[in-house]
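Comments concern the structure below.
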Protein chains: 2
Amino acid sequence: MPHDHPDSDCPGCATPDLAFSSHDHAHCATDVLARAEALAAASGARMTPVRKRVLEILLESHKAMGAYDVLQRLAADGFGNQPPVAYRALEFLVEQGFAHRIRRLNAFAACMHPGEAHAPAFLICKSCDAVAEAPAALVRAALDKAAAAIGFVVERSNIEALGLCPSCLESGK
Amino acid sequence: MPHDHPDSDCPGCATPDLAFSSHDHAHCATDVLARAEALAAASGARMTPVRKRVLEILLESHKAMGAYDVLQRLAADGFGNQPPVAYRALEFLVEQGFAHRIRRLNAFAACMHPGEAHAPAFLICKSCDAVAEAPAALVRAALDKAAAAIGFVVERSNIEALGLCPSCLESGK
DNA sequence: TTATGTATGTTATACTATAACCAGTCAACC
DNA sequence: GGTTGACTGGTTATAGTATAACATACATAA
């Protein structure tokens, strides 16, 4: 559900995505986790141990992880080691807006802006594999318009870009 | 390789995509096939029997097909019946710009505008499964801009929308 | 003709995802 | 308390997507 406000109206949309910048990641991750837990509590969604652990795992880096990578980690932590365990937790997180599915990578990444009902564009660095969320309101507006020209009504869409992040550009990778 | 011209400059970009309109599909398909073959001949790319057959199969409808569906058809026609046969032909067609990969569907669709070096947005009708290509120059421009705001340089991107096509909208599906 | 590169066929396997069934937990209600 | 029902997680099994590696055939140019 993309929100239709101009990006400047939304506190989250105005916050630059830190995925590509050096930052205090421990703080970044615990902060996002706390926000997700608060949102879950508020909405009645149950942040169970597996689900929380999966989100923690995704939050360890700004990279996307395959379901089976997540599963390995879960198994090592004493949770079930069969695919549905990981897929169900990931599905829950995506539904709640706590994680995103990156179709180009067949993988999942923690949402760095939980609770902001956004539908970002994903920027995937081909060098360091980090994934950032870019505000996509204007991109989606252009897409809606291009679709409307053909009489097509967009319901959901995925916008994913592969390229080079600022750090890798600078270091010449 | 997206081209950077305004859509109006390109004959193909000005041609409305017929995927969602009723049209003489036999003509539409043979025309696109002929254009692809001419392009291949001109560029030295070899349009071998399997490759041509795969393109014909994709051109039978405006829907995306999974590699295994294509493979079944190939096998029925006396070609090899192992996955690489289909994947290799599909890969060739995608490289030549004669087909597109739709990541959201893990599937492939014939390109209806071969030779026009475009990078379209895909409009996928959730009711009839047809896929159309929408000119995406403005969408990509918006995406490049959103990425640039974070210092990210886009190299390739996929823009795919799920929704309802005009025909299905009208018939209330 | 021989050499070289390209294309196809084949075997095997890796990776991604879901269906279906079962058992435990928890809250609401009688 | 006991029962019901919804939800969660565990497990088995299988479906669906994709590629590595090797063998064979075939075209073209030297």
Side-chain angles (χ1 to χ4, degrees), chain A residues 36-37 40-41 43-58 63-96 98-109 124 129 158 160, chain B residues 36-37 40-41 43-58 63-96 98-109 124 129 158 160:
Chain A
E37 290 201 85
S43 77
R46 293 174 51 191
M47 197 63 146
T48 62
V50 216
R51 293 167 175 178
K52 180 176 172 185
R53 187 74 194 105
V54 170
L55 184 50
E56 286 172 352
I57 291 168
L58 291 181
K63 299 180 183 167
M65 286 183 81
Y68 282 75
D69 294 325
V70 171
L71 181 58
Q72 262 195 292
R73 299 288 308 276
L74 285 179
D77 291 348
F79 293 99
N81 65 340
Q82 297 304 314
V85 174
Y87 278 102
R88 281 193 291 232
L90 289 165
E91 183 188 25
F92 168 86
L93 295 174
V94 169
E95 268 168 11
Q96 298 301 315
F98 301 159
H100 297 292
R101 183 173 202 148
I102 316 290
R103 307 202 97 102
R104 186 164 192 124
L105 303 176
N106 292 323
F108 301 82
I124 308 161
D129 294 326
N158 51 298
E160 303 168 354
Chain B
E37 289 201 87
S43 77
R46 294 172 53 190
M47 197 62 146
T48 62
V50 218
R51 292 167 174 177
K52 180 177 173 184
R53 187 75 194 105
V54 170
L55 183 51
E56 286 172 354
I57 290 168
L58 292 181
K63 299 178 184 166
M65 287 183 78
Y68 281 75
D69 296 325
V70 171
L71 181 58
Q72 262 196 292
R73 299 289 307 277
L74 285 180
D77 290 347
F79 294 99
N81 65 342
Q82 297 305 315
V85 174
Y87 278 103
R88 281 193 290 232
L90 288 165
E91 183 189 23
F92 168 85
L93 295 173
V94 170
E95 267 169 12
Q96 298 300 315
F98 301 159
H100 297 292
R101 183 174 203 148
I102 317 289
R103 306 203 100 99
R104 187 164 191 122
L105 304 175
N106 291 323
F108 301 83
I124 307 161
D129 293 327
N158 51 299
E160 303 169 352

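Residue numbers start from 1 in every chain, and the chains themselves are labelled A, B, ... in the order their sequence lines are given, proteins ahead of strands.
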* Non-hydrogen side-chain atoms of A:Met65 and A:Ile102 separated by less than 4.5 Å -> no

* To do: Check whether any side-chain heavy atom of B:Tyr87 lies under 4.5 Å from a side-chain heavy atom of B:Phe92, and answer yes or no.
  => no

Look at the side chain of [X] and decide which nucleotide, out of [options], has an atom nearest to it.
{"X": "B:Asn81", "options": "C:dT10, D:dA18, D:dT8", "result": "C:dT10"}
{"X": "A:Asn106", "options": "C:dT16, D:dA18, C:dT8", "result": "C:dT16"}
{"X": "B:Phe108", "options": "D:dT11, D:dA18, D:dT19", "result": "D:dA18"}
{"X": "A:Pro84", "options": "C:dT8, D:dT19, D:dT11", "result": "D:dT11"}

Rounded to the Å, how far apart are [X] [atom1] and [N] [atom2]?
{"X": "B:Arg104", "N": "D:dG16", "atom1": "CZ", "atom2": "P", "result": "20 Å"}
{"X": "A:Met47", "N": "D:dT8", "atom1": "CE", "atom2": "P", "result": "13 Å"}
{"X": "B:Leu105", "N": "C:dA17", "atom1": "CG", "atom2": "C1'", "result": "15 Å"}
{"X": "A:Tyr87", "N": "D:dT11", "atom1": "OH", "atom2": "C1'", "result": "17 Å"}
{"X": "B:Glu91", "N": "C:dT6", "atom1": "CD", "atom2": "P", "result": "14 Å"}
{"X": "B:Arg46", "N": "D:dA25", "atom1": "CZ", "atom2": "P", "result": "16 Å"}
{"X": "B:Leu93", "N": "C:dT8", "atom1": "CG", "atom2": "P", "result": "10 Å"}
{"X": "B:Gln82", "N": "D:dT17", "atom1": "CD", "atom2": "P", "result": "16 Å"}

* May I ask you to decide if B:Leu74's main-chain N or O and B:Arg53's side chain share a donor-acceptor pair within less than 3.5 Å? => no

Using a heavy-atom cut-off of 4.0 Å across all strands, would you classify [X] as base, sugar-phosphate, or nothing?
{"X": "A:Val85", "answer": "base"}
{"X": "A:Arg88", "answer": "base"}
{"X": "A:Arg101", "answer": "sugar-phosphate"}

* **B:Pro83 vs B:Phe79, nearer the 5' end of DNA chain C by closest nucleotide** => B:Phe79

* Asked: When rounded to the nearest 0.5 angstrom, what distance separates CD1 in B:Ile57 from CZ in B:Phe108?
  -> 13.5 Å

* Asked: Does one side chain, of A:Asn158 or A:Arg103, offer a donor that lies under 3.5 Å from an acceptor on the other?
  -> no

* Donor-acceptor pair under 3.5 Å, A:Tyr68 side chain vs C:dA17 base -> yes

